[in-house]
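Computation of the quantities below employed the complete heavy-atom set of this structure, encompassing side-chain atoms and omitting hydrogens, waters and symmetry-equivalent molecules. Naming convention: chains lettered A, B, ... in sequence-line order (proteins, then strands); numbering from 1 in each chain.
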Number of protein chains: 2
Amino acid sequence: MAMDDRKMRILQAIIDDYILTGVPVGSRTISKKYDMGLSSATIRNEMSDLEELGFLDQPHVSAGRIPSAKAYRLYVDTLLQTGRIPNDSAETVRSHFAGRIHQMEDVIDHAAQMISSLTHYTAVVLSPKGEQPRIHTIQLVPVSSETALVVIVTDQGMVRDSVIRVGGQMDSDTLYAISRSLTEELRGTTLTEACERMPVIAERISGNDRMLQELYGFLNEDQNAPRRGHMAVGGTSNMLAYPEYSDVDKARNFLSLMETRDKLADIIRGSGGMSFTVRIGPETGVPEMADCSIVTAAYSSRGGQQGTIGVIGPTRMQYSKVLSILNIIGHQLTDMFTGEENE
Amino acid sequence: MAMDDRKMRILQAIIDDYILTGVPVGSRTISKKYDMGLSSATIRNEMSDLEELGFLDQPHVSAGRIPSAKAYRLYVDTLLQTGRIPNDSAETVRSHFAGRIHQMEDVIDHAAQMISSLTHYTAVVLSPKGEQPRIHTIQLVPVSSETALVVIVTDQGMVRDSVIRVGGQMDSDTLYAISRSLTEELRGTTLTEACERMPVIAERISGNDRMLQELYGFLNEDQNAPRRGHMAVGGTSNMLAYPEYSDVDKARNFLSLMETRDKLADIIRGSGGMSFTVRIGPETGVPEMADCSIVTAAYSSRGGQQGTIGVIGPTRMQYSKVLSILNIIGHQLTDMFTGEENE
DNA sequence: GTTAGCACTCGAAGGTGACGAGTGCTAACA
DNA sequence: TGTTAGCACTCGTCACCTTCGAGTGCTAAC
């Protein structure tokens with residue numbers, strides 16, 4: 001027995017209905033609501049076949065069928081193949097981002113907010129990340145007589161800063177002079193390389209041991225704890241609206257997963273930079289997410305860095321809508337990060 | 001009828017038991033578990049009195065009593081008066097903060113994490129905020145040939161930055177020269193004042209209209225959207241562990257409140273900078289929190305700025321433990337923000 | 001003032017039966 | 001040979017009932 005066109009249409013109807021209602025769907029529903037021109041009995045036979053083929057599950061004998069992960073997979077694949085990702089709410093999105101936002105963090109927070117409110121699922125946005133950034137400029141800014149702010153601008157236009165102590169009094173001009181030397185020495189190096197080169201530099205710019213030591217400390221820390229970048233999560237509470245999570249225990253598990261940021265970032269980033277990824281149920285590789293799906297999309301910032309936006313929802317997710325929204329917002333972010341803030 | 005010592009002791013026992021179990025407590029429980037040397041019948045009479053006095057509520061006839069908001073208030077007041085805030089986990093906390101952390105955001109995130117994991121409630125940490133900060137230094141750092149990073153260091157050692165476009169090519173030295181002039185002109189002014197003064201400055205440093213305009217834009221934006229500072233929330237999912245939130249609707253309400261960051265910040269900051277505040281149930285002034293309590297503590301950073309740490313939990317919260325933990329962590333934060341990063 | 005005793009209340013838990021949605025199978029039909 | 005009507009069967013849901021027990025208030029005795 002193989003998949004034929006009619007089976008396909010019936011499966012499609014079952015998936016649509018289940019995504020809509022979240023309730024197991026029976027043969028009568030399909031035969032009535034979606035006019036197939038077939039009686040429920042026929043549908044039943046087909047459904048029985050579909051179950052045998054692994055596309056449908058039956059929670060218990062006297063309930064309808066629900067689509068299996070395999071069914072969603074098929075569904076999503078055809079969705080992605082035909083490429084008809086509708087352009088629903090493009091205008092809303094554009095107008096939201098119209099106001100100029102300076103800080104990357106704000107953009108990311110905004111995006112997460114927006115995705116979750118458009119989809120009604122949980123949204124995650126990760127800031128761009130690529131190979132280790134290279135130092136473009138180092139500048140020391142006086143903070144108090146004993147401390148200075150060290151600002152490192154990377155070639156990708158990202159900024160890292162920290163307050164360090166400088167030994168002894170240093171005025172603005174002295175700090176600037178040191179900044180120039182440091183920039184000259186370190187431009188184009190990665191943080192790791194910069195760390196290695198510090199001893200050499202220490203010889204050249206002597207007499208500031210304290211400061212250089214603190215600087216080294218900062219570089220080293222930053223390099224070793226590879227800044228997972230910024231991450232924004234929006235709409236975690238949305239998930240509780242779905243009957244899948246009316247069980248408090250399940251809900252708590254899900255929420256605490258959302259709270260362990262590092263793990264979450266790994267999961268989302270696990271998609272590996274494909275332009276679109278859909279992981280369904282077990283495919284997520286996370287036991288806690290056995291009945292969730294994760295849809296991610298990539299966006300880029302300058303320097304070819306890849307950021308990720310993602311949506312986490314129940315397996316019966318409105319994939320087509322979600323893909324559409326991620327598509328729009330992904331493009332919007334790419335525009336913002338390559339265009340507006342670029343030279 | 002008035003409150004006497006015995007009534008007080010019984011009330012105390014009821015509160016203790018209810019905080020522990022979350023189940024209405026009956027007269028027998030008190031008479032047996034807490035050896036009062038009184039029979040359940042006597043306790044019953046006293047409980048009846050306590051109810052009349054407004055310290056106890058009865059969910060329904062055949063259940064035990066639960067403490068009212070008024071009772072918690074009394075309880076907390078005596079707790080605060082006697083000042084015996086135990087110093088439980090001071091060592092754990094100290095060792096956690098031992099590793100040097102550069103970024104304020106990290107410290108705050110950490111603190112929220114720690115408070116929630118120690119208390120098993122939801123924790124909120126707000127970064128220090130005081131009167132409008134004054135500009136200490138402005139520095140422009142080259143990012144690309146067309147853009148620069150403007151870094152503003154305030155007198156409280158906080159840093160704000162944004163990338164702006166500079167018209168035409170500017171090398172590092174030119175930018176430094178401009179930075180010096182700007183710092184000279186604007187040191188000691190608030191952001192608002194700085195905005196007002198920009199036209200005057202524009203005349204002096206002419207020929208850089210584009211840049212000054214962008215700079216103005218940044219100052220203005222920052223001033224108008226008074227940076228609510230950083231806020232970290234930890235352990236929202238902890239709340240779901242309490243039977244009070246086994247109702248999914250309630251849980252969702254609570255969680256979406258936790259997600260509207262601005263509102264949450266207002267609520268937490270509503271305590272008004274007292275060193276300790278406890279708001280019980282209706283006292284929170286937030287309908288959604290009618291059966292929550294909010295405990296906050298203040299910590300300070302240099303310049304007398306006040307930050308807030310807070311715990312949100314069910315009204316039957318382990319107040320004494322929470323107060324103790326907030327006490328410790330508040331001190332720790334104060335030490336960090338006034339000592340270590342100070343001159 | 002304290003306590004034992006007792007009738008009473010009421011929620012929680014568990015059991016029962018009607019109901020209905022849905023299935024699989026069979027036999028009839030085109 | 002595919003489709004459909006019919007029917008017996010399954011099983012979860014819901015409403016209803018009973019039982020159980022925790023807890024109360026009241027009264028009378030100590």
Could you state the [atom1]-[atom2] distance from [X] to [N], rounded to the nearest angstrom?
| X | N | atom1 | atom2 | value |
| --- | --- | --- | --- | --- |
| B:M36 | C:dT2 | CE | P | 14 Å |
| A:D49 | C:dT23 | CG | P | 13 Å |
| A:L56 | C:dT23 | CG | C1' | 14 Å |
| A:E52 | C:dT23 | CD | P | 16 Å |
| A:Q58 | C:dA21 | CD | P | 17 Å |
| A:Y18 | C:dG22 | OH | P | 14 Å |
| A:M47 | C:dG22 | CE | P | 9 Å |
| A:L50 | C:dG22 | CG | C1' | 16 Å |

Can you check whether [X] has a side-chain N or O nearer than 4.0 Å to OP1 or OP2 of [N]?
| X | N | value |
| --- | --- | --- |
| A:T42 | D:dT3 | no |
| B:R6 | C:dT2 | yes |
| A:R65 | C:dT23 | yes |

Nearest nucleotide by nearest heavy atom, which residue falls closer to the 5' end of DNA chain C, A:A41 or A:T29?
A:T29
When B:E46 and A:R28 are each assigned the nearest nucleotide of DNA chain C, the 5'-most assignment goes to B:E46
Do [X] and [Y] make a side-chain contact, defined as non-hydrogen atoms from C-beta onward lying under 4.5 Å apart?
| X | Y | result |
| --- | --- | --- |
| A:R279 | A:T296 | yes |
| B:L118 | B:I328 | no |
| A:I312 | A:M289 | yes |

From the list A:Y319, A:Y245, A:F254, A:Y242, ring pair (Phe, Tyr, Trp, His ring centres under 6.0 Å) with A:Y121 holds only for A:Y242
Indicate yes or no: does A:D266 engage A:K263 in a salt bridge with an N to O separation below 4.0 Å.
no
Could you go over nucleotides 11-14 of chain D and give all protein N or O partners under 3.5 Å, atom names and distances?
unit_1: D:dC11; atom_1: O4'; unit_2: A:S62; atom_2: OG; d: 3.3
unit_1: D:dC11; atom_1: O2; unit_2: A:S62; atom_2: OG; d: 3.2

In the structure shown, which nucleotide is the Watson-Crick or G-U wobble counterpart of [N], with both distances under 3.5 Å?
| N | answer |
| --- | --- |
| D:dA28 | C:dT3 |
| D:dG12 | C:dC19 |
| C:dC8 | D:dG23 |

Selection from D:dT4, C:dT23, C:dA4 that lies nearest to any side-chain heavy atom of A:N45
D:dT4
Could you walk me through whether A:R261 and B:D109 pass the salt bridge (Lys or Arg N to Asp or Glu O under 4.0 Å) check?
CA-CA 11 Å; A:R261 295 310 192 90; B:D109 288 350; over 6 Å; no
Taking atom NZ of A:K7 and atom CG of A:L50, what is their separation to the nearest 0.5 Å?
6.5 Å
Hey, does the side-chain of B:R44 have a donor or acceptor N/O within less than 3.5 Å of a partner on the base of C:dG5?
yes
With heavy atoms under 4.0 Å as the rule, sort B:S27 into base, sugar-phosphate or nothing.
sugar-phosphate
Side chain of A:S68, backbone of A:G54: donor and acceptor closer than 3.5 Å?
yes
